[in-house]
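These notes concern the structure reproduced below.
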Amino acid sequence: ENDEPLARRKLKCIECLVIDEADRFNKDQIGVQLKMIISKLPKQRKTCLFSATLNHLNNTEIASFGLSEAIKIKIKARSNVTADLPARLTLSALVCRTRVSKISWVIKNLRRSEKEILFFNTCDSVDFYFKVLSIMLPEISFSKLHGQMKQSLRNNTFASFSSAQNGVLLTTDVASRGADFSNVSKIIIVDPPQKSSDLIHRVGRTARAGTDGEALLLLLPTEKAFLSELKLPCAFVGSKDFEDDCFWKKAQGVMLRDRDFFGKAQRGMVSFVRSYKEHELKNVFELDKLDPIDIARSFGLPFVPKMKDF
């Protein structure tokens with residue numbers, strides 16, 4: 001903006017344009033800015049688009065990147081890939097009777113010596129569970145990362161978790177693409193992604209550079225049909241009921257001492273319900289099949305907040 005003529009001259013010198021995660025850039029708001037930049041580039045150039053889910057782009061979307069004679073190249077490993085998953089990555093699904101059971105399972109199974117990532121669908125959920133888990137499991141080092149954090153804080157969190165030998169990162173899809181965290185042993189998907197195609201990006205944060213990795217998808221009984229939509233090798237490991245008053249009681253105790261925590265819980269539930277309503281697979285993730293009391297309890301709330309959806 002300070003020297004637009006100079007910027008234009010520099011853009012005219014570009015010979016090759018490389019865009020990673022191209023399927024997302026074309027749909028998000030940043031796509032508008034990207035297309036404006038592309039319009040200033042020389043017509044005669046090389047353009048390379050990369051993504052694990054590039055097949056979802058149609059010809060019109062590909063053309064919007066300025067490709068007139070596009071050639072698709074799909075890379076396959078000779079022996080270490082099954083479908084779209086590396087052979088050293090194990091993907092499993094566990095059905096929990098309630099959402100409270102999900103949270104109870106997470107609390108019981110996080111390990112101090114491991115380096116793990118928990119995926120949620122909303123920033124408010126990350127904020128709430130980061131605080132409650134930090135209180136309930138003080139022996140574990142927790143970090144959080146989401147799109148509403150300041151960029152400087154996100155950079156610091158990224159750097160510290162990348163270099164850490166162990167710990168747990170709570171995050172949204174902001175960390176599902178382009179984030180290369182070393183030595184992550186396990187991915188726990190607490191909230192199934194709103195788009196089934198995004199699952200491959202979440203689980204791809206582990207089993208990198210030839211290492212072993214494990215990913216676990218937590219589902220409610222009404223969501224089990226999601227497994228047939230994945231088109232990925234996923235082992236169903238059964239159903240569990242981890243109902244536990246420990247989470248409920250501790251969350252209630254914190255709320256009595258910290259009014260801000262109560263606000264986080266309410267915002268967490270409201271944003272969770274809204275995100276659930278916006279799932280791509282509405283025939284699987286049906287809002288009217290959720291138990292409002294169970295969802296409220298999973299956020300430590302003693303009642304269901306007033307909202308249009310419930």
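None of these values were measured; they are calculated from a predicted model.
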(request) Could I get the full list of side-chain contact (heavy atoms from CB on, under 4.5 Å) partners for Ala164, not counting sequence neighbours? (result) none
(message) Quick test of your reading: applying side chain to side chain donor-acceptor pair (under 3.5 Å), list the pairs with at least one residue in residues 254-264, sequence neighbours left out, ordered by first then second residue.
(response) Lys131-Asp258
(request) Please report the closest heavy-atom contact between Glu116 and Leu110, naming both atoms and the distance. (result) OE1-CD2, 3.1 Å
(message) Are Val284 and Thr222 packed together at the side-chain level, in the sense that at least one heavy-atom pair is separated by less than 4.5 angstrom?
(response) no
(message) Membership question, hydrophobic clusters at under 4.5 Å side-chain separation (ILVMFWY): are Met149 and Leu169 in the same one?
(response) no
(request) State, yes or no, whether a side-chain contact exists between Val174 and Thr171 at a heavy-atom distance under 4.5 Å. (result) yes
(request) Please examine the side chains of Phe303 and Gln266, heavy atoms only from C-beta on, and report whether any two atoms are closer than 4.5 Å. (result) yes
(request) Answer whether the closest heavy-atom distance between the side chains of Ser113 and Asn166 falls below 4.5 Å. (result) no
(message) Could you work out, with side chain to side chain donor-acceptor pair (under 3.5 Å) as the rule, every residue matching Lys282, not counting sequence neighbours?
(response) none
Please output the side-chain donor-acceptor pairs of residues 208-216 that fall under 3.5 Å, not counting sequence neighbours, one pair per line with the distance.
residue : atom : partner : partner atom : Å
Arg208  : NE   : Asp180  : OD1          : 2.9
Arg208  : NH1  : Gly204  : O            : 2.7
Thr211  : OG1  : Arg208  : N            : 3.3
Thr211  : OG1  : Arg208  : O            : 2.7
Asp212  : OD1  : Arg88   : NE           : 2.8
Asp212  : OD1  : Arg88   : NH2          : 3.2

(message) With heavy-atom distances below 4.5 Å as the criterion, would you say the side chains of Ser196 and Glu280 are in contact?
(response) yes
(request) Answer yes or no: does atom CZ of Arg45 have more than 12 heavy-atom neighbours from other residues, nucleotides or ligands under 6.0 Å? (result) yes
(request) Measure the CG-CG distance between Leu94 and Leu218 for me, rounded to the nearest 0.5 Å. (result) 6.0 Å
(message) Go through it in stages, so that I can follow the logic: the residues are Ile187 and Leu91, the test is side chain to side chain contact (heavy atoms under 4.5 Å, CB included), and I'd like the CA-CA distance, side-chain angles, deciding distance and then a yes or no.
(response) CA-CA 9 Å; Ile187 304 293; Leu91 174 60; over 6 Å; no
(message) Could you check whether any side-chain heavy atom of Met269 comes within less than 4.5 Å of a side-chain heavy atom of Phe128, counting everything from C-beta outward?
(response) no
(message) Between Arg99 and Asp191, does any side-chain N to carboxylate O distance fall below 4.0 Å?
(response) yes
Can you give each donor-acceptor pair under 3.5 Å made by side-chain atoms of residues 156-163, sequence neighbours left out, with the distance rounded to 0.1 Å?
residue : atom : partner : partner atom : Å
Asn156  : ND2  : Ser152  : O            : 3.3
Thr157  : OG1  : Leu153  : O            : 3.0
Ser160  : OG   : Asn156  : O            : 3.1
Ser160  : OG   : Thr157  : O            : 3.0
Ser162  : OG   : Phe158  : O            : 2.7
Ser163  : OG   : Ala159  : O            : 3.1
Ser163  : OG   : Ser160  : O            : 3.2

(message) Which residues pass the side-chain contact (heavy atoms from CB on, under 4.5 Å) test with Glu15, not counting sequence neighbours?
(response) none
(message) Tyr129: which residues meet the ring-ring contact (aromatic ring centres under 6.0 Å, His included) condition with it, sequence neighbours left out?
(response) Phe120, Phe299
(request) Could I get the full list of side chain to side chain donor-acceptor pair (under 3.5 Å) partners for Arg154, not counting sequence neighbours? (result) none
(request) Applying salt bridge (Lys or Arg N to Asp or Glu O under 4.0 Å), name anything that partners Lys289, two or more places apart in sequence or on another chain. (result) Glu286
(message) Under the criterion side chain to side chain contact (heavy atoms under 4.5 Å, CB included), I'd like the reasoning laid out for Val95 against Val237: C-alpha separation, chi angles, the key distance, then a yes or no.
(response) CA-CA 8 Å; Val95 174; Val237 295; over 6 Å; no
(message) Between Leu133 and Val168, is there a side-chain heavy-atom distance shorter than 4.5 Å?
(response) no
(message) Is any side-chain heavy atom of Ile117 closer than 4.5 Å to one of Leu170?
(response) no
(message) Atom CD1 of residue position Ile14 - does it have more than 12 heavy atoms of other residues, nucleotides or ligands inside 6.0 Å?
(response) yes
(message) Return the NZ to CD1 distance between Lys102 and Ile188, rounded to the nearest 0.5 Å.
(response) 12.0 Å
(request) Indicate the atoms forming the closest heavy-atom contact of Ile103 with Ser298, along with that distance. (result) CG1-O, 4.1 Å
(request) Indicate yes or no for a side-chain donor-acceptor contact from Thr172 to the backbone of Asn121 under 3.5 Å, with no hydrogens or angles considered. (result) no
(message) Would you compute the distance between atom CD1 of Ile19 and atom CG of Leu49 and round it to the nearest 0.5 angstrom?
(response) 5.5 Å
(request) Check the side chains of Asn155 and Gln151 for a donor-acceptor pair under 3.5 angstrom, ignoring hydrogens and angles. (result) yes
(request) Please step through side chain to side chain contact (heavy atoms under 4.5 Å, CB included) for the pair Phe236 and Ser92, ending with a clear verdict. (result) CA-CA 6 Å; Phe236 176 60; Ser92 306; over 6 Å; no
N/O donor-acceptor pairs under 3.5 Å from side chains in residues 271-279, not counting sequence neighbours:
residue : atom : partner : partner atom : Å
Ser271  : OG   : Thr122  : OG1          : 3.1
Ser271  : OG   : Arg267  : O            : 3.1
Ser271  : OG   : Gly268  : O            : 3.1
Ser275  : OG   : Ser271  : O            : 3.4
Ser275  : OG   : Phe272  : O            : 2.8
Tyr276  : OH   : Glu223  : OE2          : 2.7
Lys277  : NZ   : Asp309  : OD1          : 3.0
His279  : ND1  : Pro193  : O            : 3.4

Quick one: side chains of residues 136-145, donor-acceptor pairs under 3.5 Å with protein atoms, not counting sequence neighbours, listed by atom name and distance.
residue : atom : partner : partner atom : Å
Lys144  : NZ   : Asp127  : OD1          : 2.9

(message) Let me confirm one number: the NZ-CD1 distance from Lys40 to Ile38, rounded to the nearest 0.5 Å.
(response) 12.5 Å
(message) I need the full list of salt bridge (Lys or Arg N to Asp or Glu O under 4.0 Å) pairs touching residues 164-175, with sequence neighbours left out, sorted by first then second residue.
(response) Asp173-Arg202
(message) Go through it in stages, so that I can follow the logic: the residues are Ser185 and Glu114, the test is side chain to side chain donor-acceptor pair (under 3.5 Å), and I'd like the CA-CA distance, side-chain angles, deciding distance and then a yes or no.
(response) CA-CA 7 Å; Ser185 57; Glu114 299 290 332; 2.7 Å; yes
(message) We want to know whether Thr98 and Ser101 form a side-chain donor-acceptor pair, criterion being a heavy-atom distance below 3.5 angstrom.
(response) yes
(request) Show your reasoning for whether side chain to side chain contact (heavy atoms under 4.5 Å, CB included) applies to Leu199 and Ile189. (result) CA-CA 9 Å; Leu199 187 76; Ile189 301 171; 3.1 Å; yes
(request) Nearest 0.5 Å please: distance from the CG atom of Leu17 over to the SG atom of Cys48. (result) 8.0 Å
(message) So, taking the atom named CG in Leu41 and the one named OG1 in Thr47, what distance separates them when rounded to the nearest 0.5 Å?
(response) 7.5 Å
